[in-house]
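In what follows, chains carry the letters A, B, and so on, assigned in the order in which the sequence lines appear, proteins first and then strands, with residues in each chain numbered from 1.
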Amino acid sequence: MIQRGTAEIVPIEDLVHKLRRSVATGQPLRLKLGMDPSSPDIHLGHTVVLQKIRQLQDLGHICHLIIGDFTGRIGDPTGKSETRRQLTAEEVHENARTYVQQVLKVLHPDRTEIVRNADWLAPLTFSDVVRLASVLTVARMLEREDFQKRFQENRPIHIHEFFYPLMQAYDSVHLHTDIEFGGTDQKFNLLMGRTLQKEFGQEPQVAVMMPILEGLDGVQKMSKSLGNYIGIDEPPKEMWGKVMSIPDDLMPKYFELLSGVSVEELRHIQAGLRDGSLHPRDAKMRLAKELVTRFLGAEAAAEAETNWKAVFQQGGLPQDIPEVRIQPGPRWLVKALVELGLATSNSEARRAIEQGGVRVNGERVADVNAEVDLRDGTVLQVGKRRFVRCRA
RNA sequence: GGAGGGGUACCAAAGUGGCCAAAUGGGGCGGACUGUAAAUCCGUUGCGUAAUGCUUCGUAGGUUCGAAUCCUACCCCCUCCA
């Protein structure tokens, strides 16, 4: 059960040992998850790890959720986003608040302890840091894939980036962590925790790594900055729609990592997808229903489902179209689109019309010079999914 | 401290006096096909009721009939040597 859906557990024997001992002594294990407070929303990619932790919590173990308010100042080195904006204390605080609220939709509220690593990292003195750093060698640091890559390609690696894994590892020392969770991309950091804990005479933590969930594009990992994510706080219709737009190939993985269905059921679904007896679209609908229900409630799910079917299977209008107040009367269509926020500039509006993407009350209008008489209830549409209803 | 390379549109990357509002690829957007999937194809991607129009190529000046392209100063980034 614990292994289901995981990518790798290092080392598995230690995990077994820790679990056994916990059962014997009644002493819960100390789990740890660090989160980056740079953005306030969590998405399905995060929930993969969170759900795993939840399982352990349901067995009585406790989790420290670390708000990386100190490590966030550096940012986990990815090589990509080299310059990361420094967040102000207020921003971090604000992000953390919504973060926690969302995270607790998945984690067990009573067995989750929220901590901030600035509490123990900020007071460290330079000599403390030097002592920490002396444990490691540059060669060891360069084992890390992205460092190695950048080193070989002669791209810059900043010294302070080396401190990120170190700090994360020190979090484990400070919290006496038994098991740390993360994505497979966290492997180096998680193992660093073991190294440092040993250095401090502690029993090393177990690293549990979960697969990385690809986002809507089906290729890159789900992340806010790539804009390919499904947030757990999104409007039901949004969430439903996004699930439906996931590439088919990802369905087996999505079910495995996100769905709560039983193992037999999971196998059944995956087999169905493979041999074609289960239409990918139906699999997605099922997943969409499960996810929207879990995060937003059954009612929201039902509504989202009805809406989706109406709009996309029957090609109708969504039930609740955004409404915009207008001054009724005729005007140039191009201007109307801009006024209603369906285009950001006249040029863009003009293009949309020329390309046949604009409909007024369901009628396609392809004449750039067209006039529209906006009245209460007039519906304008650009593309397949952007609608606005006028309100006088 | 020394030497060299570079800053171009959302991103990457060409262009090195006029043919440049700026190749090409990615991304985005619109259309076709579909299942709001993928793949594919077509169109489009600064602004502008469009005009031999306006504003864009790190910043500020200058040369020129004319500059992303030449000159000067400044800012920023990277690499190598020490």
Side-chain angles (χ1 to χ4, degrees), chain A residues 78-84 149-159 161 214-220 222-223 225-230 234-255 269 272-274 276-289 292 304-319 321 330-339 341-360 363-372 380-387:
Chain A
T78 59
K80 248 189 247 166
S81 52
E82 280 153 38
T83 46
R84 190 182 277 231
K149 223 174 132 200
R150 278 196 272 164
F151 186 69
Q152 279 168 357
E153 292 172 3
N154 282 331
R155 282 189 295 136
I157 301 172
H158 296 270
I159 298 293
E161 294 184 276
E214 288 83 355
L216 301 175
D217 55 84
V219 180
Q220 296 195 270
M222 185 177 285
S223 91
S225 53
L226 291 172
N228 63 352
Y229 68 102
I230 304 179
E234 298 202 46
K237 292 185 192 72
E238 235 357 71
M239 189 185 286
W240 187 285
K242 284 186 177 183
V243 173
M244 294 307 293
S245 77
I246 295 161
D248 292 358
D249 305 341
L250 250 34
M251 266 308 99
K253 186 168 183 180
Y254 263 64
F255 263 98
I269 291 169
L273 285 169
R274 216 173 308 122
S277 61
L278 175 61
H279 195 302
R281 180 197 54 216
D282 296 329
K284 280 185 208 176
M285 284 223 238
R286 179 167 171 179
L287 187 64
K289 189 168 199 163
V292 177
E305 179 172 12
T306 317
N307 179 73
W308 190 85
K309 284 181 174 164
V311 179
F312 298 110
Q313 291 198 317
Q314 268 108 56
L317 292 176
Q319 281 138 351
I321 302 174
R331 66 262 268 154
W332 186 30
L333 179 55
V334 167
K335 290 277 186 212
L337 292 176
V338 174
E339 181 184 347
L342 290 168
T344 55
S345 68
N346 288 11
S347 294
E348 187 180 305
R350 184 189 294 270
R351 253 175 252 136
I353 297 169
E354 280 169 351
Q355 297 182 143
V358 174
R359 285 165 193 273
V360 177
E363 290 286 321
R364 176 166 294 173
V365 177
D367 177 8
V368 185
N369 297 312
E371 296 266 318
V372 259
L380 294 204
Q381 176 183 1
V382 173
K384 290 179 180 120
R385 40 187 125 162
R386 285 146 66 211
F387 302 86

**Student:** Pick the closest RNA chain B nucleotide for I246(A) and for V368(A) by heavy atoms, then say which residue is nearer the 5' end.
**Tutor:**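 Residue closer to the 5' terminus by nearest nucleotide: I246(A).
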**Student:** Looking at every strand, decide which applies to R385(A) at a 4.0 Å heavy-atom threshold: base, sugar-phosphate, or nothing.
**Tutor:** base
**Student:** With both distances under 3.5 Å as the test, what is the Watson-Crick or G-U wobble partner of A12(B)?
**Tutor:** U24(B)
**Student:** So which one's nearest nucleotide on RNA chain B is more toward 5', M244(A) or G356(A)?
**Tutor:** G356(A)
**Student:** Is there a side-chain contact between L342(A) and V358(A), using heavy atoms and a 4.5 Å cut-off?
**Tutor:**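 No; the side chains remain at least 4.5 Å from each other.
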**Student:** Please measure how far the P atom in U72(B) lies from the corresponding atom in C81(B), and state the result in whole Å.
**Tutor:** 29 Å
**Student:** Does S245(A) put a side-chain nitrogen or oxygen below 4.0 Å from OP1 or OP2 of A37(B)?
**Tutor:** no
**Student:** Please determine whether any donor N or O and acceptor N or O are separated by less than 3.5 Å between the side chain of Q355(A) and the base of G43(B).
**Tutor:**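 Checked by distance alone, the answer is yes.
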**Student:** Does R386(A) reach a base, just sugar-phosphate, or nothing at all? Heavy atoms under 4.0 Å.
**Tutor:**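 R386(A): backbone/sugar contact only, no base atoms under 4.0 Å.
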**Student:** Please pick, from G30(B), U49(B), U34(B), the nucleotide with the shortest atom-to-atom distance to any side-chain atom of V382(A).
**Tutor:**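 My answer, after comparing the listed nucleotides, is G30(B).
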**Student:** Identify whether any heavy atom of D282(A) sits under 4.0 Å from a base atom; if not, whether one sits that close to sugar-phosphate; answer base, sugar-phosphate or nothing.
**Tutor:**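 Nothing: the residue D282(A), judged by heavy atoms under 4.0 Å, touches no strand.
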**Student:** Could you tell me whether the side chain of V243(A) reaches within less than 4.5 Å of the side chain of W308(A), counting heavy atoms only?
**Tutor:**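 Not in contact.
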**Student:** Starting the side chain at C-beta, find the nucleotide from U36(B), U49(B), G31(B) nearest to R364(A).
**Tutor:** G31(B)
**Student:** Counting side-chain heavy atoms from C-beta on, which of U49(B), G31(B), G35(B) comes nearest to K384(A)?
**Tutor:**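 For the K384(A) side chain, the nearest candidate turns out to be G31(B).
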**Student:** Going by purine N1 to pyrimidine N3 plus the second Watson-Crick contact, or the G-U wobble pair, all under 3.5 Å, which nucleotide sits opposite A38(B)?
**Tutor:** none
**Student:** Backbone N or O of M222(A) within a donor-acceptor pair of the Q220(A) side chain at under 3.5 Å?
**Tutor:** no
**Student:** Under a 3.5 Å cut-off for both contacts, is C70(B) paired Watson-Crick or G-U wobble with anything, and if yes, with which nucleotide?
**Tutor:** G62(B)
**Student:** E305(A): what forms a salt bridge (charged side-chain N to carboxylate O under 4.0 Å, His left out) with it, not counting sequence neighbours?
**Tutor:**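 E305(A) satisfies salt bridge (charged side-chain N to carboxylate O under 4.0 Å, His left out) with K289(A), K309(A) once adjacent residues are dropped.
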**Student:** Check step by step if side chain to side chain contact (heavy atoms under 4.5 Å, CB included) holds for K284(A) and H279(A).
**Tutor:** CA-CA 9 Å; K284(A) 280 185 208 176; H279(A) 195 302; over 6 Å; no
**Student:** So G383(A), base contact, sugar-phosphate only, or nothing? Heavy-atom distance under 4.0 Å.
**Tutor:** sugar-phosphate
**Student:** What integer distance in Å separates D217(A):CG from A37(B):P?
**Tutor:**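 Atom-to-atom, D217(A) to A37(B), this comes out as 14 Å.
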**Student:** Considering every strand and a 4.0 Å limit on heavy-atom distances, what is the contact class for D248(A): base, sugar-phosphate, or nothing?
**Tutor:** base
**Student:** Decide yes or no for V219(A) and E214(A): does some side-chain heavy atom of the first lie under 4.5 Å from some side-chain heavy atom of the second?
**Tutor:**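 No - every pair of side-chain heavy atoms lies 4.5 Å or more apart.
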**Student:** So, do I230(A) and I246(A) sit near enough that their side-chain heavy atoms are less than 4.5 Å apart?
**Tutor:**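 Answer yes - side chains close enough.
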**Student:** Within less than 4.0 Å of OP1 or OP2 of U49(B), is there a side-chain N or O belonging to K335(A)?
**Tutor:**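 Yes, K335(A) has a side-chain N/O under 4.0 Å of OP1/OP2 on U49(B).
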**Student:** Side-chain N or O of R281(A) less than 4.0 angstrom from OP1 or OP2 on U36(B)?
**Tutor:** no
**Student:** Rounding to a whole Å, what distance do you find between R350(A):CZ and C47(B):P?
**Tutor:**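 Value for this atom pair: 11 Å.
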**Student:** Which part of the nucleic acid, if any, lies within reach of L250(A) when heavy atoms closer than 4.0 Å are counted: base, sugar-phosphate only, or nothing?
**Tutor:**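 No contact.
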**Student:** Does R351(A) place a side-chain N or O at less than 4.0 Å from the phosphate oxygens OP1/OP2 of C47(B)?
**Tutor:** yes
**Student:** What's the closest nucleotide to the K284(A) side chain, out of A38(B), U49(B), G35(B)?
**Tutor:**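 Within the option list, the nearest is G35(B).
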**Student:** Just to confirm, is there a sub-4.0 Å distance from OP1 or OP2 of U45(B) to any side-chain nitrogen or oxygen of S347(A)?
**Tutor:** no
**Student:** When both hydrogen-bonding distances must be under 3.5 Å and the geometry is Watson-Crick or G-U wobble, what is C80(B) paired with, if anything?
**Tutor:**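 In the structure as shown, C80(B) has G2(B) as its Watson-Crick or wobble partner.
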**Student:** Mind checking if R359(A) touches a base, just sugar-phosphate, or nothing, with heavy atoms under 4.0 Å?
**Tutor:** nothing
**Student:** Less than 4.0 angstrom between a side-chain N/O of N346(A) and OP1 or OP2 of C47(B), yes or no?
**Tutor:**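 Checking C47(B) against N346(A), no side-chain N or O comes under 4.0 Å of OP1 or OP2.
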